[in-house]
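Read the numbers this way: they start at 1 and go in the same order the structure lists the ligands and their atoms.
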Amino acid sequence: MKFSGILCGVAAVCSTVSAQYTASRYYEKTSGITYSSITLPNGVSYRISLPAASNISEAILQIVVPKAFGWCGLAWGGHMTNNPLSVHWATKAKSGQKAIVSSRMAFGYNAVPNPYIGATYTYLKGTTSNNTHWQVTSYCVGCTRWSTSDGDVDLTTQSETQFAYACSSVAPSTPTSNTSTFNVHEQNGIWTHDLSIARNVSFASFVSTNPYKGSKRDVEEREWFA
Ligand code: HEM
């Protein structure tokens with residue numbers, strides 16, 4: 001699949017990348033979840049799991065990010081504006097939640113993207129950090145279907161789609177809050193993601209058997225915006 005973008009790396013050496021990258025099936029042993037996964041040249045992995053068929057817009061999104069990055073986001077519509085943005089960062093907290101997702105939508109290029117209440121996220125097991133990486137695993141309702149002034153988009157039946165990403169080495173100003181402001185990215189790019197291999201008849205059990213912190217799915221994006 002085609003990937004292109006400007007890569008600056010954390011070492012701040014920028015280059016234009018245009019190469020073939022392919023999402024592949026990724027089975028995560030600890031959770032039992034099967035994803036369509038891609039690891040970009042900057043070392044960031046984006047993983048999507050989808051229901052085989054569903055009337056609602058639902059997806060599991062996992063992002064695994066080298067610690068040198070302050071934030072990284074996924075644009076579900078393949079560009080910055082008028083589509084759901086799942087922006088992630090490490091909280092830097094010594095205990096408790098180590099990484100979070102922030103639901104945003106941008107309506108222009110000159111401001112921090114707004115909170116987006118059309119998508120809600122429930123954290124799943126696999127939201128953590130270690131010495132080298134931080135990662136967020138979430139169940140999103142509203143990421144695969146949206147309506148904006150650009151029109152209506154529905155990824156639930158598509159076999160592939162264009163995604164975009166953006167990352168920065170600079171952490172948001174208030175890392176423990178998902179309403180924090182953050183600076184413009186140093187890197188962004190696009191690729192075509194295979195959604196057919198993301199679909200699985202066991203999707204509902206992927207969600208129900210992987211509660212965050214072993215309790216009910218209790219930490220929701222809604223609460224962060226309350
Ligand atoms: C403070 C926050 C942000 C600012 C100020 C910002 C600003 C910008 C600017 C000025 C451009 C260049 C536009 C052009 O080439 O004409 C751009 C492009 C882009 N941004 Fe952002 N951005 C922000 C956050 C984000 C986030 C959170 C994402 C995704 C999760 C994102 C994804 C992209 C992408 C994919 C592009 C490439 C062009 C496009 O898709 O239209 N940006 N951004």
Side-chain angles (χ1 to χ4, degrees), residues 1-10 12 14-19 21 23 37-48 57 59-66 68-91 99-121 134-138 140 142-146 148-151 153 155 160-175 177-193 221 224-225:
M1 300 294 164
K2 184 98 164 61
F3 168 87
S4 65
I6 308 291
L7 287 185
C8 296
V10 180
C14 300
S15 62
T16 303
V17 171
S18 183
Y21 291 95
S37 171
I38 192 164
T39 301
L40 300 179
N42 63 4
V44 180
S45 298
Y46 290 93
R47 297 176 178 148
I48 312 287
S57 165
I60 298 172
L61 168 63
Q62 182 175 73
I63 178 171
V64 184
V65 185
F69 288 111
W71 68 263
C72 276
L74 174 71
W76 291 81
H79 48 265
M80 180 171 157
T81 54
N82 290 331
N83 68 112
L85 305 177
S86 306
V87 190
H88 305 79
W89 56 79
T91 60
I100 55 178
V101 60
S102 178
S103 180
R104 305 282 177 129
M105 191 175 281
F107 300 104
Y109 293 100
N110 297 325
V112 185
N114 294 340
Y116 175 57
I117 59 167
T120 56
Y121 297 80
W134 50 267
Q135 69 176 58
V136 177
T137 309
S138 65
C140 179
C143 287
T144 56
R145 215 183 272 162
W146 63 91
T148 68
S149 56
D150 285 352
V153 178
L155 303 181
E160 62 176 34
T161 194
Q162 186 171 294
F163 284 151
Y165 85 95
C167 288
S168 170
S169 64
V170 181
S173 51
T174 313
S177 166
N178 70 356
T179 58
S180 177
T181 58
F182 49 87
N183 287 331
V184 63
H185 33 85
E186 295 151 347
Q187 307 181 358
N188 62 269
I190 56 173
W191 74 96
T192 304
H193 202 95
E221 178 80 0
W224 288 81
F225 282 122

Looking only at distances, can you tell me whether any N or O atom of Asn183, backbone or side chain, sits closer than 3.5 Å to an N or O atom of ligand 1?
no
**Request:** Return yes or no for this condition: an N or O of Phe182 is under 3.5 Å from an N or O of ligand 1.
**Result:** no
Side chains of [X] and [Y] in contact at under 4.5 Å (non-hydrogen atoms):
{"X": "Thr148", "Y": "Met105", "answer": "yes"}
{"X": "Cys167", "Y": "Val44", "answer": "yes"}
{"X": "Pro113", "Y": "Val87", "answer": "no"}

Judged by heavy atoms only, the candidate from Pro113, Ser86, Ala106 nearest atom 2 (C) of ligand 1 is Pro113
Among Trp71, Tyr109, Phe163, Tyr165, closest by heavy atom to atom 26 (C) of ligand 1 is Trp71
For atom 34 (C) of ligand 1, the closest protein heavy atom turns out to be Met80 CB, 3.7 Å
Among non-hydrogen protein atoms, atom 36 (C) of ligand 1 lies closest to Asn188 ND2, 3.7 Å
Is the closest heavy-atom distance from His185 to ligand 1 below 4.0 Å? yes
Out of all atoms in ligand 1, which are within 4.0 Å of some heavy atom of [X]? Include the element for each.
{"X": "Ala164", "answer": "35 (C)"}
{"X": "Ala166", "answer": "28 (C), 29 (C), 31 (C), 32 (C)"}
{"X": "Val112", "answer": "1 (C), 2 (C)"}
{"X": "Val87", "answer": "27 (C)"}

Worksheet entry | Aromatic ring proximity Trp146/Tyr116, centre distance under 6.0 Å | no
Under 4.0 angstrom from atom 14 (C) of ligand 1, is there any protein heavy atom? no
- With a 4.0 Å cut-off, strictly under, does atom 40 (O) of ligand 1 pick up any protein heavy atom? yes
Shortest non-hydrogen pair, Val65 vs Cys72, comes out as CG1-SG, 3.9 Å
In short, His79 meets Leu85 closest at the heavy-atom pair O-CD2, 4.3 Å
Item to complete: Please check if any side-chain donor atom of Trp76 sits under 3.5 Å from a side-chain acceptor atom of Ser86, or the reverse.
Response: yes
Any heavy atom of Val184 under 4.0 Å from ligand 1? The part involved is both
Rounded to the nearest 0.5 Å, the CD1 atom of Ile60 sits from the SG atom of Cys140 at a distance of 11.0 Å
Next on the checklist: Tell me if a side-chain donor or acceptor on Trp71 pairs with a main-chain N or O of Pro172 at a distance below 3.5 Å.
Outcome noted: no
